[in-house]
Asker: 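One structure is given below, represented as structure tokens, and several questions about it will come after.
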Amino acid sequence: MMRPDLHMHSTFSDGTCTPWELARLVQRADVTMFSVTDHDTMAGLAQAADAAYERGLAFLPGVEISTEGDEEVHILGYGVQQDDPVLSAFFQQMEEERIQRFRTMGQRLLDLGYDLPLDEIMENAGASIGRPHLARALVAKGYARDNQDAFRRLIGKGCPAYVPRAYFAASKAITMLRERHAVPVAAHPGLIRWPQEKLTPMLDVWQDAGLMGMEVYHPANQENYPMWDRIARERGLLVTGGSDYHDGTPGHGLIGETIPAWRTAGDDAWALFEAVKKQKHT
Ligand SMILES: [Zn+2]
Ligand SMILES: [Zn+2]
């Protein structure tokens, strides 16, 4: 049976492993099909595909798009083409906004007296710089106990160094992915902090925009797997899952960790594979 982990991050966004290292961890966890889904970049996909091929692992190219500004609603796109010109231009623009936001937040931290080597952090950050990089630097310098502490006191929403993100509607990301022949999936619905009376009509809007799946088996949904599974299937959405591995810390998942609870993993992963194949020809 296929053992899928369809959500993880590499050094091309805010993970600590290169795509090659991820493939090694994937194999060690007995995962047989994986997807690299970096934040707002497809830059690591060629390396990940090579690494998967070398190890005989099934691979699905992916990306995780940040939407809804401060709400941090994430839309996964499966089957994206790394050289797609429309998506590339879109992510390029997001990257410019990201750098600008990082600089502004970094400057606020400097002004507050936190001595951080901003240029050095940027140089080592890979393709999509973000708040986790600032958090790690704050921890490394002893200004914060751990990443959560840094977010809670300094860089989280409403904190002194916080700068809001530019707004981009989730439904726009969904439409764009469909137009580029990819499969849009709503990531970790359990992390969306909207009440059901807001989320339910939004799911309708997103499905009208072309949403095809829901990431049910994500560590953030753990307490409510049966509920999310039922919601997804009642809506006719594909069911997907993944660990959201970043750096092996307990705050994020560990590769393969959602598989034991995901009893239909093999069938669901296969259905996603088929949907990706079909989208390519639409
Ligand atoms: Zn996410
Ligand atoms: Zn993620």
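Throughout, numbering of the chain's residues begins at 1 and tracks the sequence. Atoms within a ligand are numbered from 1 in the order they appear, just like the ligands themselves.
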Asker: Among the N/O/S atoms of Glu64, select the one at the shortest distance from the Zn ion (ligand 2) and name it.
Answerer: OE1
Asker: Counting backbone and side-chain atoms alike, does His7 have an N/O/S atom under 2.8 Å from the Zn ion (ligand 1)?
Answerer: no
Asker: For Arg3, is there an ion pair with Asp30 - N to carboxylate O distance below 4.0 angstrom?
Answerer: no
Asker: Could you tell me whether the Zn ion (ligand 1) has an N, O or S atom of His74 under 2.8 Å away?
Answerer: yes
Asker: The Zn ion (ligand 1) to Asp244: any N/O/S contact under 2.8 Å?
Answerer: no
Asker: In terms of side-chain geometry, is the basic nitrogen of Glu68 or Arg193 positioned less than 4.0 Å from the acidic oxygen of its partner?
Answerer: no
Asker: Would His9 count as a contact for the Zn ion (ligand 2), in the sense that one of its N, O or S atoms lies under 2.8 Å from it?
Answerer: yes
Asker: How are the rings of His246 and His39 set to each other: parallel, tilted or perpendicular (split at 30° and 60°)?
Answerer: tilted
Asker: On the 0 to 90° scale, with breaks at 30° and 60°, tag the His188-His218 ring pair as parallel, tilted or perpendicular.
Answerer: perpendicular
Asker: Under a 4.0 Å threshold between the charged nitrogen and the carboxylate oxygen, would Asp70 count as salt-bridged to Arg165?
Answerer: no
